[in-house]
Amino acid sequence: MNILDKIIQYKKEEVSISKKRISIQELKNSEFYERESFSLKQSIQQRTGIIAEFKRKSPSKGIINNVSSVQNVCLAYEKFGASGVSILTDKNFFGGNSEDILQVRKSIKLPILRKDFMIDEYQFYETKAMGADVVLLIASCLSVSQTQEFTHIAKGLNLEVLLEIHDEDELKHINQNIDIVGINNRNLKDFKVDLQHSVILKNSLPKDQLSVAESGICSEEDFKFLRNKGFDAFLMGEYFMRNQSPEKAFENFVKNTK
C-alpha cells in the first residue's frame with residue numbers, strides 16, 4: 001500500500017466520523033455558507049498567478065513549519081500579490097484543520113482553496129461552510145464518473161474546481177465544468193518530482209485551459225522556467241513555509257520574479 005492509498009483509507013474513516021458529529025443541515029446554517037464566493041480564475045488573471053500555500057508538514061518532508069501563524073502568513077500572501085491562498089485541512093498527514101480556513105476567511109478577501117482529499121459529497125458542504133471558494137479534486141483518487149459527480153456538486157454550491165492530474169491517462173477526468181487544471185510535478189505515489197514531465201503533459205491540455213503548475217517548485221529559476229513554458233498559475237507552499245519568515249520569503253520571491 002503506497003502513501004496515497006493510506007491517506008484515502010484514513011480519510012474515509014475521518015469523513016465517516018465527521019458525518020456523525022455535524023449534519024449537512026448544521027453545515028448549511030454556518031456563518032459563511034451563504035456568502036458569495038471569490039473567483040480564483042479571475043484572480044489568477046489579475047494578480048501574480050501564485051496560489052500561495054500554508055502547510056505545516058507533509059508525509060514526504062515531515063515538519064516544515066509548525067510555528068508560523070496561519071493568519072499572519074495569509075495576510076502577507078494577500079498583501080504582496082498572491083492570486084489565492086491554499087490551506088490544507090488534512091490533520092493526520094499534513095497538520096491542517098478547518099479552523100485555519102475559518103480564521104483566515106475573516107481576514108482576507110482572496111479566494112481560498114481547500115486543499116484536501118475529496119472523496120465524499122459531505123466534504124463539499126464542509127468546504128462551503130468553512131468559507132473556502134475552491135475545491136481540489138485529485139484525479140488519482142477518483143474515477144472519471146466521481147470527478148464528474150463531484151464537479152457537479154461543487155458548481156451547485158458555487159465552488160470553483162481545481163482538478164489535479166499527473167499523467168496522460170488522467171486527462172480523461174477533464175470535463176467542461178472544470179475551472180482550472182493543475183499538473184502536479186510530484187508523483188503522489190512515490191513523491192518523485194519532474195518538472196519536464198509536467199511541461200510535456202501541459203501540451204496535451206485542451207486549448208485555452210487555465211493551467212497550474214503544482215509542487216516541486218524549489219527556486220526562482222524553477223518558477224521562471226514553468227512560467228516561460230506557458231503555465232498560468234503556480235501552487236507553491238513549501239518554498240515559503242520552510243523559511244523562518246514565510247511572509248518575508250514570499251515578499252522577496254514576488255519582487256525577484258517580476
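Because the structure is predicted, anything quoted here is derived from the model rather than measured.
- Taking the ring centroids of F223 and F253, they lie under the 6.0 Å cut-off.
- For residues 74-90, the pairs satisfying salt bridge (charged side-chain N to carboxylate O under 4.0 Å, His left out) are K11-D90, with sequence neighbours left out.
- With 3.5 Å as the limit, one finds no donor-acceptor pair spanning the side chains of E220 and T257.
- Between the side chains of S39 and E160, at least one donor N or O lies within less than 3.5 Å of an accepting N or O.
- A donor and an acceptor atom, one from each side chain of Q148 and N175, are nowhere located under 3.5 Å apart.
- A salt bridge links D133 to R105: one of the charged nitrogens lies within less than 4.0 Å of a carboxylate oxygen.
- Defined by atom type and a distance below 3.5 Å, a donor-acceptor pair is present between the side-chain atoms of D116 and T89.
- For residues 42-63, every residue pair satisfying the salt bridge (charged side-chain N to carboxylate O under 4.0 Å, His left out) rule, not counting sequence neighbours, is listed here: E53-K55, E53-K115, R56-D100, K61-E238.
- Taking the centre of each ring, F250 and F80 stay at or above the 6.0 Å mark.
- Between E251 and K248 a salt bridge is recorded (basic side-chain N to carboxylate O distance below 4.0 Å).
- Within a 6.0 Å sphere centred on NZ of K6, heavy atoms belonging to other residues, nucleotides or ligands number 12 at most.
- Note: F93 and Y10 have perpendicular aromatic rings, judged against thresholds of 30 and 60 degrees for the angle between ring planes.
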